[in-house]
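Quick note: numbers below take in every heavy atom, side chains included, and nothing from hydrogens, waters or symmetry partners. We name chains A, B, ... by the order of the sequence lines, and we start the count at 1 in each one.
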Amino acid sequence: MDELKKIAKENRAKNTIWTIVIFALLIFWSFIVLFPFYWMVLTSLKSYSAYNAEYIPQFITLSPTLENYIQAFTAVPLARYFVNTIIFTLVTTILMMIIVVLSAFAFSRLEFKGKNLVFTAFLSLMMIPNELVIITNFVTISNLGLRNTYLGLILPSVTSVFYIYLLKENFEQIPDELYKAAKVDGTSDFKYLYKVMIPISKPTIVTIFILKVIECWNAYVWPRLITDDENYFLVSNGIQTIRESGFGRENIPAMMAAVVVISLPLIIIFLIFHKKIMEGVSRGGTKG
Amino acid sequence: MSNKNNLKGWLYLLPALVFIGIFMVYPLIDVFVYSFEEGYNFASQTYNGVGLFNYSYVLHDPYFIQALKNTFILVIITVPLSTGIALLISLALNSLNRFKDLFQTIFFLPYVTNTLAVGLVFMILFKKSAYSDGLINLLLNSVGISSIDFIEGPYWAKMFVLCFYTIWVVLPFKILILTSALASVNKDFYKVAKVDGTSRIRTFFRITLPMISPSLFYLIITGFIGAFKAYSDVVALFGTDLNSAGMNTIVGYVYDMLYGNSGGYPSFASAAALILFAIVLTITVINLIVSRRKVYYQ
């Protein structure tokens, strides 16, 4: 009996050590993840002179100031970048949503010649990397005279084969009987889509919407190619310009204030929707 | 009736077809055409021959060789390392009863942040400036290592920051996929192993690893593809003039050929993009062949 107790005790001790190791690892990584965010907020609250006087960076600041935030909005057109990004994000996302819903409906409910062929073609397009098509798109948009316009920014980004596929799978889970019943009642396809399918698939649609918003907000490569007029910069290009020429280059606190302002909307969205976002991404989103 | 239905189906698809046609299918054909047109002039949109010159130019361009080298080093370091760390963290997460959601949410945060913006914070942490050696150098000094300029200094210092930041950026996705894979392993297997007195390590290699191998290989494949296309995180750390920083990547080379001070050469850009595509395709096919042999599909 004593023997058994001894083994149980040893096991418990082993488990405790194991738990400590696991927590240490997780807390260490949380620190690495969160520290840059802490540092960015902290630096943005230090005044320019205080920051530059610190040869050894301080981990707290006793005299926080908002002057950097004021400067971020006055010395560089940060508000302009912000408005541009909001317009770009909303218009692109909404247009894409309409196109995706219509296509997913066609693929999941309508019967027409060539459907399977087109769907297979769509699927094979999922493997094409953006880098291959962006070259011609750049030339196309330039030739159309759409550089430095919202239209030029938006048009190439309003379709996503992947989201069509995702929503089609979701639409197909809705029982066919509902559709047949609606047909008997004489409901038009469009009304059925609008009144029945969209409400039922709302969770998936919301997830796609949020993922696209994140993608648009962080877009960098295409906007950089297609805009060189500051009036049409999105936040990513804005931050790059700020880094290379804004605030006289060395005003790091002001730079950090801009970084905080740019990061905040997505962090708020994430805090509200983190369950949905993580679920959506684990269902097959990739970064980039 | 059937004709009407046909028409309706195509009508619903029309918007998608138009955009995919113009911005995906046509460019896909066009990129091949560009890559074979020699001496293409962007302003007059004329060319003076057809052949393989663009490919040979790109393959002999020292900037491209540098970009190729950087990209391969980045891939070879970050893909195994990030997958390994993600596996370690996911295993730790999966063994928790409490706080699992909290940690998971924290770890996922970098996924939604703007790569350019947070890259700037990393730059400041690592940068050695006239005012300050920066926080990381301070830490290094405290263990007796003298300061290094990670942003404009020696090549390996720069490569280290780049790899570190890349891992920081890609980890959320990998942790998420692996934790859901681990959570879906049938608990009965573990109970049986426990009754049999199987050691933790043996349980991991005999049960856990085979059960999550499909997700693991999915991550390795997408990890390779993603790492080969590295670009915006490099810009975030070293600025847009990557050639002079010696830190360009293949994708960066493509964009530099297209646009900016060195731009205006869509033919060279196309050839470089197609070389990249060929590399990625080859590696993906190799991955798939290996996974056929090693992965346990239920």
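Heavy-atom distances place no part of B/Val33 under 4.5 Å from chain A, backbone and side chain included. Using a 4.5 Å cut-off between heavy atoms, B/Thr105 contacts chain A through both its backbone and its side chain. Proximity to chain A is absent for every atom of B/Phe32, based on heavy atoms less than 4.5 angstrom apart. Only the side chain of B/Leu96 comes within contact range of chain A, judged by heavy atoms closer than 4.5 Å. For B/Ala181, no part lies under 4.5 angstrom from a heavy atom of chain A. Of the two parts of B/Ile250, neither the backbone nor the side chain holds a non-hydrogen atom closer than 4.5 Å to a non-hydrogen atom of chain A. With a 4.5 Å cut-off on non-hydrogen atoms, B/Val254 touches chain A through its side chain but not through its backbone. At a 4.5 Å heavy-atom cutoff, the contact between B/Leu125 and chain A is made by side-chain atoms alone. Both the backbone and the side chain of B/Ser270 come within less than 4.5 Å of a heavy atom of chain A. Residue contact with chain A, scored on non-hydrogen atoms closer than 4.5 Å, involves the side chain of B/Met123 exclusively. With a 4.5 angstrom heavy-atom cutoff, B/Leu91 does not touch chain A via any of its atoms. With a 4.5 Å cut-off on non-hydrogen atoms, B/Leu135 touches chain A through its backbone and its side chain both.
In this structure a side-chain-to-backbone donor-acceptor pair under 3.5 Å is missing from A/Trp217 to B/Thr113. Judged purely by atom type and a 3.5 angstrom limit, A/Arg243 has no side-chain atom pairing as donor or acceptor with the backbone of B/Leu120. Between the side chain of B/Asp30 and the main chain of A/Thr136, no donor-acceptor pair closer than 3.5 Å is present.
Counted by atom type alone, A/Ser236 and B/Asn114 present one or more donor-acceptor pairs between their side chains at under 3.5 Å. Side-chain contact of B/Thr240 with A/Glu244: a donor-acceptor pair under 3.5 Å is present, judged by distance alone.
Atom CD1 in A/Ile134 sits 8.0 Å away from atom CG in B/Leu258 (nearest 0.5 Å). The distance from the OG atom of A/Ser263 to the CG atom of B/Leu116 is 10.5 Å, given to the nearest 0.5 Å. A/Ser160 contributes atom OG, which lies 8.5 Å from atom CE of B/Met24 (distance to the nearest 0.5 angstrom). The distance from atom CD1 of A/Ile135 to atom CZ of B/Phe268, rounded to the nearest 0.5 Å, is 12.5 Å.
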Is there a side chain to side chain contact (heavy atoms under 4.5 Å, CB included) between A/Leu132 and B/Leu28? Walk through the geometry before answering.
CA-CA 7 Å; A/Leu132 276 187; B/Leu28 202 58; 4.1 Å; yes

Pair B/Tyr12, A/Ile99 - check side chain to side chain contact (heavy atoms under 4.5 Å, CB included), show working.
CA-CA 8 Å; B/Tyr12 274 86; A/Ile99 293 172; over 6 Å; no

Before you tell me yes or no, could you show the steps for A/Ile32 and B/Phe164 under side chain to side chain contact (heavy atoms under 4.5 Å, CB included), namely the whole-Å CA-CA distance, both residues' side-chain angles and the distance that decides it to 0.1 Å?
CA-CA 11 Å; A/Ile32 292 192; B/Phe164 186 77; 4.2 Å; yes

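Heavy-atom contacts from other residues, nucleotides or ligands closer than 6.0 Å to CZ of B/Phe23 number more than 12. When the shell of 6.0 Å around CZ of B/Phe108 is examined, it contains more than 12 heavy atoms from other residues, nucleotides or ligands. Other residues, nucleotides and ligands contribute at most 12 non-hydrogen atoms within 6.0 Å of the OH atom of B/Tyr47. Few gaps surround OH on A/Tyr38; more than 12 heavy atoms of other groups in view lie less than 6.0 Å from it. Counted within 6.0 Å of CZ on A/Phe35, heavy atoms from surrounding residues, nucleotides or ligands total more than 12; the atom is thus considered enclosed. A 6.0 Å sphere centred on NZ of B/Lys194 holds no more than 12 heavy atoms belonging to other residues, nucleotides or ligands.
Nearest heavy-atom pair across A/Ile164 and B/Ala16 is CD1-CB, 4.2 Å. Closest of all the heavy-atom pairs between B/Ala92 and A/Leu26 is CB-CD2, 3.9 Å. Nearest heavy atoms, A/Leu110 versus B/Gly9: CD1-CA, 3.8 Å. What you find for A/Asn130 and B/Lys229 is that their closest heavy atoms are N-NZ, 4.4 Å. Of all non-hydrogen atoms in B/Phe122 and A/Pro36, the two that sit nearest each other are CE1-CG, 3.7 Å. Closest approach of A/Val33 and B/Ile106 over heavy atoms only: CG1-O, 3.4 Å.
Looking only at heavy-atom pairs under 4.5 Å with chain A, the residue among B/Ile29, B/Asn137, B/Leu237, B/Ile225 that has the most is B/Leu237. When each of A/Phe107, A/Phe190, A/Phe59, A/Trp18 is scored by its heavy-atom pairs under 4.5 Å with chain B, the top score falls to A/Trp18. Of all the listed residues (A/Leu271, A/Val259, A/Val100, A/Ile98), the one sharing the greatest number of non-hydrogen pairs under 4.5 Å with chain B is A/Val259. Here B/Leu138 is the residue among B/Leu138, B/Asp101, B/Ile85 with the most heavy-atom pairs under 4.5 Å with chain A. Between chain A and the options B/Val118, B/Leu93, B/Leu11, heavy-atom pairs under 4.5 Å are most frequent for B/Leu93. In terms of heavy-atom pairs under 4.5 Å with chain B, the best-connected choice from A/Met96, A/His274, A/Gln240 is A/Gln240. The greatest number of non-hydrogen atom pairs below 4.5 Å with chain B, out of A/Val139, A/Thr140, A/Ile267, is found for A/Val139. The greatest number of non-hydrogen atom pairs below 4.5 Å with chain B, out of A/Met40, A/Met256, A/Met127, is found for A/Met256. Ranked by heavy-atom pairs shorter than 4.5 Å toward chain B, the options A/Ile277, A/Asp189, A/Ile214 are led by A/Asp189. In terms of heavy-atom pairs under 4.5 Å with chain A, the best-connected choice from B/Arg200, B/Lys8, B/Met257 is B/Arg200. Across B/Tyr255, B/Phe99, B/Phe277, the residue that shares the most heavy-atom pairs under 4.5 angstrom with chain A is B/Tyr255. Comparing B/Ile22, B/Val170, B/Val235 by how many heavy-atom pairs each has under 4.5 Å with chain A, the most go to B/Val235.
When the ring-ring contact (aromatic ring centres under 6.0 Å, His included) test is applied to B/Phe19, no partner is found at least two apart in sequence or on another chain. Contacts of B/Asp233 classified as salt bridge (Lys or Arg N to Asp or Glu O under 4.0 Å), with partners at least two apart in sequence or in another chain: none.
Put simply, the side chain of B/Val25 reaches to within 4.5 Å of the side chain of A/Leu125, judged on heavy atoms. Taking the side chain as every heavy atom from C-beta outward, A/Leu102 and B/Leu13 never approach each other to under 4.5 Å. Using a 4.5 Å heavy-atom cutoff, the side chains of A/Tyr220 and B/Thr115 are not in contact. You'll find the side chain of B/Ile124 stays beyond 4.5 Å of the side chain of A/Thr43, heavy atoms only. You'll find the side chain of B/Phe103 stays beyond 4.5 Å of the side chain of A/Trp29, heavy atoms only.
In this structure, B/Tyr259 and A/Phe138 have perpendicular ring planes: the angle between them is above 60°, well past the 30° mark.
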